[in-house]
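For reference, the structure is listed below as structure tokens.
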Amino acid sequence: MDALNRFDTRTTYRLIRLEYLFGLVVSFYFLFEHLGDIRWWPFAVLFVHIDLIGYIPGAVAYHRSRTKRISRTYYVLYNTMHSMATQAVIALLWGLLVHSEWALLALPIHLCGDRALFGNFLKPFAVNFEPVTHPGFAELEAKVEGKPGSVPVATSTVRQPTAS
């Protein structure tokens, strides 16, 4: 993936998930090191608020929809609540208004777990809210990975120097 080819192959997708798995392992390390210091009610609230606001409303709307097309508002809610930046602001505000505490580990555990274990990243408007392979992506993936029956990918447009 690069700035002009904004998609991942299976390998790069797995590598990105592996990076989040590392973040999840580090978060769990700190969780287990500080088990006695964690207030579990705030941990639970911090863990579930992400999906209560960001996932469940969209999932309900999606499963109730006959066409499976739902308002972009649900995508915005999901992407906002599953953003590292949003959860960093929540952690900062929690630290300022309540106090810094180990229960805040719920935030990276939730986000890294979603990405590492379930492969859930931010949701673009052009795809279904719940995972369904987009036909255009399936075709592109087949071409990029050179699967049989796929059309060859265009080669680089960079001109090679000619021998004189």
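If you read the sequence from its start, that first residue is 1, and numbering goes on from there.
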Less than 6.0 angstrom from the centroid, inside 45 degrees of the normal: does K123 satisfy that with respect to the ring of Y75?
no
Does K68 make a cation-pi contact with F129 (under 6.0 Å, within 45 degrees of the axis)?
no
OH/Y29: more than 12 non-hydrogen atoms of other groups inside 6.0 Å:
no
Do I109 and L92 land in one hydrophobic cluster if side-chain heavy atoms of ILVMFWY residues count as linked below 4.5 Å?
no
Provide the closest heavy-atom pair for I70 versus S65 in the form atom of the first, atom of the second, distance.
CG2-CB, 4.1 Å
Are any of the side-chain heavy atoms of E141 and T9 separated by less than 4.5 Å?
no
Do L31 and L46 belong together in a cluster built from hydrophobic side chains that touch within less than 4.5 Å?
no
Drop me the distance from L77's CG to L52's CG, to the nearest 0.5 angstrom.
12.0 Å
Is the closest basic N to carboxylate O distance between E19 and R115 below 4.0 Å?
no
Would L93 end up clustered with V48 when hydrophobic side chains under 4.5 Å apart are linked, directly or stepwise?
no
Close side-chain approach of C112 and M84, heavy atoms under 4.5 Å:
yes
Less than 6.0 angstrom separating the ring centers of F125 and Y74, yes or no?
no
N128 side chain reached by R69 side chain, heavy atoms, under 4.5 Å:
yes
Y62 and Y55: CA distance, side-chain angles, deciding distance, ring-ring contact (aromatic ring centres under 6.0 Å, His included) verdict:
CA-CA 10 Å; Y62 177 83; Y55 172 69; 9.8 Å; no
Are any of the side-chain heavy atoms of I16 and D8 separated by less than 4.5 Å?
yes
Within 6.0 Å of CZ in F137, more than 12 heavy atoms from elsewhere
yes
Give the C-alpha distance, both sets of side-chain angles, the deciding distance and a yes or no for side-chain contact (heavy atoms from CB on, under 4.5 Å) between N79 and T86.
CA-CA 9 Å; N79 291 340; T86 300; over 6 Å; no
Report, as yes or no, whether the 6.0 Å neighbourhood of atom CH2 on W41 holds more than 12 heavy atoms from other residues, nucleotides or ligands.
no
Quick check: is V76 connected to F121 through a chain of hydrophobic side chains (ILVMFWY, heavy atoms under 4.5 Å apart)?
no
Would you say the side chains of W94 and E101 form a donor-acceptor pair under 3.5 Å?
yes
Any donor-acceptor N or O pair under 3.5 Å, side chains N120, H82
no
Just by distance, with hydrogens left out, do Q87 and H49 show a side-chain donor and acceptor under 3.5 Å apart?
yes
side-chain contact (heavy atoms from CB on, under 4.5 Å) between Y78 and I50, intermediate numbers included:
CA-CA 8 Å; Y78 181 92; I50 296 169; over 6 Å; no
Tell me whether F118 is reachable from L107 by hopping between hydrophobic residues (I, L, V, M, F, W, Y) whose side-chain heavy atoms are closer than 4.5 Å.
no
Is there a side-chain contact (heavy atoms from CB on, under 4.5 Å) between F43 and L104 once you walk through the steps?
CA-CA 7 Å; F43 181 95; L104 290 167; over 6 Å; no
